[in-house]
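Chain identifiers are assigned alphabetically (A, B, ...) following the order of the sequence lines, protein sequences preceding nucleic acid strands; residue numbering begins at 1 within each chain.
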2 protein chains.
Amino acid sequence: MAQAQILSRNQQIVLDIIEKAKGPLKAYSILFNVQKKGINAPQQIYRALDKLIEMGKIHKIESKNAFVACRSSDCEISKATAFSICESCEMVDEISDAKLSKYISSFNHKKGMKFKRFNLEFFGLCKKCK
Amino acid sequence: MAQAQILSRNQQIVLDIIEKAKGPLKAYSILFNVQKKGINAPQQIYRALDKLIEMGKIHKIESKNAFVACRSSDCEISKATAFSICESCEMVDEISDAKLSKYISSFNHKKGMKFKRFNLEFFGLCKKCK
DNA sequence: TAACAGAGTGTTATAATATAACATTTAATA
DNA sequence: TATTAAATGTTATATTATAACACTCTGTTA
Ligand SMILES: [Zn+2]
Ligand SMILES: [Zn+2]
Ligand SMILES: [Zn+2]
Ligand SMILES: [Zn+2]
């Protein structure tokens with residue numbers, strides 16, 4: 001059993017904010033939210049974000065340049081991520097569907113490239129917005 | 001039969017550059033390359049890029065903030081896009097695999113969201129780099 | 001203990017990516 | 001021709017992300 005990761009002060013602060021948020025957060029919005037805790041510069045945010053992504057605690061939503069907490073525990077440290085994104089209200093939901101993930105992970109590109117990781121983003125309208 | 005799209009001057013210039021490129025191009029690198037043709041400002045590039053994406057002539061590689069020409073003619077105006085991306089040399093290859101595309105397009109999220117579009121990005125090392 | 005290494009922090013500055021706003025021009029069409 | 005829609009040119013600014021450097025903190029080991 002892997003040892004639970006111990007987070008540094010800044011990493012913990014940033015993770016807390018992201019976990020409490022209802023939707024994806026942007027780096028600078030995180031920054032504004034933690035200035036009362038003594039974090040003053042973008043670097044401090046981006047460094048924490050990088051480590052949290054490495055650890056699989058959060059994911060970056062590439063199409064939005066925003067970050068969400070990992071809700072799925074089995075996304076294999078970000079090797080296979082999928083999200084549904086509402087184009088109207090910005091809601092993001094992590095999809096953890098073993099069958100989908102397995103299917104995509106086993107896809108082999110004809111041109112001889114061996115994949116290490118994928119990221120899938122679905123777009124549409126959520127229940128509320130449609 | 002849909003009428004062939006006629007491109008405006010700036011749209012054509014930007015598309016030409018992207019089509020000639022061997023890899024994905026960034027917006028500002030496009031800008032530097034077309035200044036001799038009288039395009040001087042980022043807005044002009046981004047406007048052309050937006051239209052070209054709408055038309056399905058190019059795609060944005062979200063994880064790289066870069067743009068590639070569509071090579072696949074059947075990607076249904078960007079409703080279903082997939083790319084393989086080399087983490088070492090930056091190479092990007094559009095994947096057009098009907099089976100994969102169909103499988104993903106037919107995926108239904110439990111939470112009642114109906115998808116209109118997806119984008120899938122695979123990461124690994126290409127033949128050259130591994 | 002002292003020296004060292006590794007990860008994390010704080011800080012200033014700057015690079016890279018993208019959009020707002022407004023005036024003008026061109027092309028399509030009623 | 002008058003009216004619209006699409007595209008253009010331009011200046012300014014917002015947003016996202018990284019570079020570089022000095023310092024701290026912690027645990028290891030010579
Ligand atoms: Zn996850
Ligand atoms: Zn919604
Ligand atoms: Zn395509
Ligand atoms: Zn490569």
Check whether any side-chain nitrogen or oxygen of [X] sits under 4.0 Å from OP1 or OP2 of [N], and answer yes or no.
X       : N      : result
B/Lys51 : D/dA6  : no
A/Asn65 : D/dT15 : no
B/Ser8  : D/dA6  : no

Practice problem: Identify whether any heavy atom of A/Lys64 sits under 4.0 Å from a base atom; if not, whether one sits that close to sugar-phosphate; answer base, sugar-phosphate or nothing. | Solution: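 Answer is nothing: A/Lys64 stays at 4.0 Å or more from every strand.
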Quiz item: Which hydrophobic side chains are connected to A/Leu125, either touching it within the sub-4.5 Å cutoff or through other members that do?
Solution: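 Cluster partners of A/Leu125: none, it stands alone.
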Exercise. May I ask you to list the residues of residues 36-47 of chain B, by number, that have any heavy atom positioned under 4.0 Å from an atom of DNA chain D?
Key: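 Output list: B/Asn40, B/Ala41, B/Gln43, B/Gln44, B/Arg47.
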Exercise. Name every residue in residues 18-31 of chain B that has at least one heavy atom under 4.0 Å from any atom of DNA chain D, in order of residue number, or write none if there are no such residues.
Key: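 Within residues 18-31 of chain B, no residue comes under 4.0 Å of DNA chain D.
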Quiz prompt | Contacts of type side chain to side chain donor-acceptor pair (under 3.5 Å), residue A/Glu121, not counting sequence neighbours | solution =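 With sequence neighbours excluded, A/Glu121 shows a side chain to side chain donor-acceptor pair (under 3.5 Å) to A/Ser63, A/Asn119, given in chain and number order.
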Exercise. List in chain and number order the residues that pass side chain to side chain donor-acceptor pair (under 3.5 Å) with B/Gln43, two or more places apart in sequence or in another chain; answer none if no residue qualifies.
Key: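 B/Gln43 satisfies side chain to side chain donor-acceptor pair (under 3.5 Å) with no residue once adjacent residues are dropped.
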In whole angstroms, how far is the [atom2] atom of [N] from the [atom1] atom of [X]?
X       : N      : atom1 : atom2 : result
B/Leu49 : D/dA7  : CG    : P     : 14 Å
B/Asp50 : D/dT8  : CG    : C1'   : 15 Å
A/Arg9  : D/dT24 : CZ    : P     : 16 Å
A/Leu7  : D/dC25 : CG    : P     : 19 Å

Exercise. Would you kindly confirm whether A/Phe123 and B/Met113 end up in one hydrophobic cluster when ILVMFWY residues are joined by side chain heavy atoms under 4.5 Å apart?
Key: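 No.
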Self-check item: Set of residues satisfying side-chain contact (heavy atoms from CB on, under 4.5 Å) with respect to B/Arg9, sequence neighbours excluded
Solution: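 If we apply the side-chain contact (heavy atoms from CB on, under 4.5 Å) test to B/Arg9, skipping adjacent residues, the hits are B/Ile13.
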Quiz item: Reading DNA chain C 5' to 3', which nucleotide is the first, and which the last, to come under 4.0 Å of any heavy atom in chain B?
Solution: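 The contacted stretch runs from C/dT17 to C/dA21.
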Quiz item: With B/Lys111, which residues qualify under salt bridge (charged side-chain N to carboxylate O under 4.0 Å, His left out), at least two apart?
Solution: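 Counting only residues at least two positions away or on another chain, B/Lys111 forms a salt bridge (charged side-chain N to carboxylate O under 4.0 Å, His left out) with A/Asp93.
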Self-check item: Results of salt bridge (charged side-chain N to carboxylate O under 4.0 Å, His left out) for A/Lys116 - residues two or more places apart only
Solution: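 Partners of A/Lys116 under the salt bridge (charged side-chain N to carboxylate O under 4.0 Å, His left out) test: B/Glu87.
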Quiz item: So which pairs with a foot in residues 79-117 of chain B pass ring pair (Phe, Tyr, Trp, His ring centres under 6.0 Å), sequence neighbours left out?
Solution: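 Residue pairs passing ring pair (Phe, Tyr, Trp, His ring centres under 6.0 Å), neighbours aside: A/Tyr103-B/Tyr103, A/Phe122-B/Phe107, A/Phe122-B/Phe115, B/His59-B/Phe83.
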Counting only pairs under 3.5 Å, give me each side-chain donor-acceptor contact of residues 44-56 of chain B, with atom names and distances, residues two or more places apart or in other chains.
residue	atom	partner	partner atom	Å
B/Gln44	OE1	B/Asn40	N	3.0
B/Gln44	OE1	B/Ala41	N	3.0

Exercise. Without swapping roles, check the side chain of A/Ser101 against the backbone of A/Asp97 for a donor-acceptor pair under 3.5 Å.
Key: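 Answer holds: no.
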Side-chain donor-acceptor pairs under 3.5 Å in residues 14-35 of chain A, sequence neighbours left out?
residue	atom	partner	partner atom	Å
A/Asp16	OD1	A/Gln12	NE2	3.0
A/Lys26	NZ	A/Lys64	O	3.0
A/Asn33	ND2	A/Ser29	O	2.7

